[in-house]
Amino acid sequence: VVVLIDATKSPVLVTSALLYVNGPLHLGHIRSTYIPADVYTRYLRLKGVPVVFVSGSDEHGTPTVVTAEQEGLTAKAMVDKYHNLAFKNYQALGLSFDHYSRTSNETNHQTTQELFMILKEKGFVFKQIVKEYYCPTDKKFLPDRYIKGECPYCHAKDQYSDYCENCGKTFKPGDLIGAYCSLDKTTPELKDSEHFMFKLSAFSSALSSYLKNQLDVRDEVRNYVLQWIKEGLRDWDIVRDLDWGVKVPGMKGKVFYVWFDAPIGYIAATKEWAEKNGKKDAWKQFWIKAEAEKKGAKIVHFIGKDIVYHHALFWPALLMGTADYKTPDVLPVRGFVTIQGKKISKSRKYWILVEDYLKRWPPDYVRFYYTLTTPNAPTDGDFDWKDFQEKINTELLGNVGNFVHRVLTFIDSKFAGKVPKVPHGSKAGADEVAIKKKLVKSVKEVDKLYSQIELDRALKAILDLSQSFNQYFQHKAPWRADEKDASITLWHCANFVRSLAILLEPVIPFSAEKIWSYLNLEGSVHDADFDSAKDLPIKADHSIKKPLPLFSKAEDDAIQEEIRKLESLIAPPPKESRHGPER
Ligand code: B3M
Ligand code: ZN
């Protein structure tokens, strides 16, 4: 990804993939999209970029209907329940959405039908009789997630009938080998039904040139999407025989396929954000091509690697088909996460619920841990409690917390809580020249890495800078230096603490705000100016507040308990294929 935020401060729309609300939020959900999107958004805010961060709950589709059936709830009752829970969890995690929507909202229903009508007028959708799985006993159609079977391409077992989570290919009814109903294991029939198809095949060359020349995405992702185009795109069935979803105009008892209305949810969320802020038309600067071009606006979709097909092909083709709408600019794709080396399993509850995590651990710890261990790439990762403990204790506490706390307590106890004066006539020594140079260089480097969404590397560069601050403090040993030297050291260090608060705000916003308040600085670190992290604006005699330790250690007992808890759930058998977080 080569995105660089330009000096003109054009608007940016950041989205994170919409959450299926058919279960509680767990640590698998937040690694690839929610946390990185929030870190990036917070960075853009500090840079003064007019950024809008939206997401929402993805409430339609058979996954939802099937789970509601299993839970004995109506689809509506179930999505309400998990939407509310997820929203509460998001707030506790510090996810700073400008708007969080729901695809069942009226705005999304209207926008979906409107875009459908445009595509129909332009001839990009057409009617077709398709085969749909049908249960002769229940006398109803069983689309998508009702049905499981073997992928005809890569032969992964237990794939749903709409697409393969292992190889990413999409299916039509009849493609699966050995299809069976996921509820009662019966073999379904195939029955005729009239649907609308979207002419994806008509966009092959437009999509390849979009992928080659426009979409900012990592090359390995670009290449495999181009390969899919080469193999031939198939038209996409956008209708399902269900009653929960966005109604298809002119068809009774049918709704749009969830992947038709879900990405349109990005537009609907932007419209609702605009409405909420009293700027009704402000959504157009992102989504209407002519408007976006005037402003140089950009769209950045954070997604997991299992939904590349939908975001790099289907979604841009749909937008191109309307002629007036703008396609996404940047597609940061991240991989899946295992927990203690094992696949997350919804049925076995082999997961860590955000709700449970937050009972014991601060939100900043998981934000820190994930940011440090998640590259901007579709590679998979692992949430490992021992590794978590090690990263928290050595880096967050031992490095950042240590420096901040030592400096603040030193000022508090030895200088009566006032940032000391650099004595008149004293010149900064070679050590100060060197450390200030390092600061300026690091701020530039971190700026560049954040702007390229290389968030793990940005954090590593900040930790390296913090390490240098520690070394400087240790080397100057103000506890045994004379007052003049100690003053020079502490004046610099007070300012370095401020720099760290700003640089770390995107990753650990709660702790950064605490540092800001201990420093007794005005306003909030969330509104600070990123570039000012290279400056030393805190003046002598500035009073700080009494500091408390910023972080507490991740203790062995607590970590062992977490590990035992997971081990007590029957460990899933070794996987024969890799899957994403179960949905
Ligand atoms: N609801 C979740 C997923 O497949 C799906 C994303 C929709 S984004 C428009 O990861
Ligand atoms: Zn497959």
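The structure displayed is predicted, hence computed values, not measured ones. Atoms within a ligand are numbered from 1 in the order they appear, just like the ligands themselves.
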- Task: Hey, can you tell me if F141 and Y134 have their rings parallel, tilted or perpendicular (30° and 60° cut-offs)?
- Result: perpendicular

- Message: Contact between ligand 1 and W315 is defined here as a heavy atom of the residue under 4.0 Å from a ligand atom; is it met?
- Response: no

- L18-ligand 1 polar pair, N/O distance under 3.5 Å: yes

- Geometric class of the F97/Y100 ring pair [parallel <30°, tilted 30-60°, perpendicular >60°]: tilted

- Note on the structure: Protein-side N, O or S atoms sitting under 2.8 Å from the Zn ion (ligand 2) are C151 SG, C154 SG, C164 SG, C167 SG

- Item | Proximal ligand 1 atoms for P263, defined as those under 4.0 Å from one of its heavy atoms | 9 (C)

- Query: Between the main-chain N or O of T107 and the side-chain N or O of N105, is there a donor-acceptor pair closer than 3.5 Å?
  - Reply: no

- Message: Taking a cutoff of less than 4.0 Å between a non-hydrogen atom of the residue and any ligand atom, is G304 in contact with ligand 1?
- Response: no

- Do D58 and ligand 1 have an N or O pair less than 3.5 Å apart? yes

- Query: If we only count heavy atoms from C-beta on, is the K565 to D356 side-chain gap below 4.5 Å?
  - Reply: yes

- Would you mind listing which atoms of ligand 1 come within a distance below 4.0 Å of any non-hydrogen atom of A262? 9 (C)

- Message: Which residue is it: Y350, Y369, W361? I am looking for the one with a ring pair (Phe, Tyr, Trp, His ring centres under 6.0 Å) to F383.
- Response: Y369

- List in chain and number order the residues that pass ring pair (Phe, Tyr, Trp, His ring centres under 6.0 Å) with Y180, two or more places apart in sequence or in another chain; answer none if no residue qualifies. none

- For the residue pair W236 and Y257, does the interplanar ring angle fall in the parallel (under 30°), tilted (30 to 60°) or perpendicular (over 60°) class? tilted

- Taking the inter-plane angle between the rings of F302 and Y40 on a 0 to 90° scale, is it parallel (under 30°), tilted (30 to 60°) or perpendicular (over 60°)? tilted

- H311 near ligand 1, heavy-atom distance under 4.0 Å? yes

- Task: Kindly say whether A274 contributes a backbone atom to a donor-acceptor pair with the side chain of N277 at under 3.5 angstrom?
- Result: no

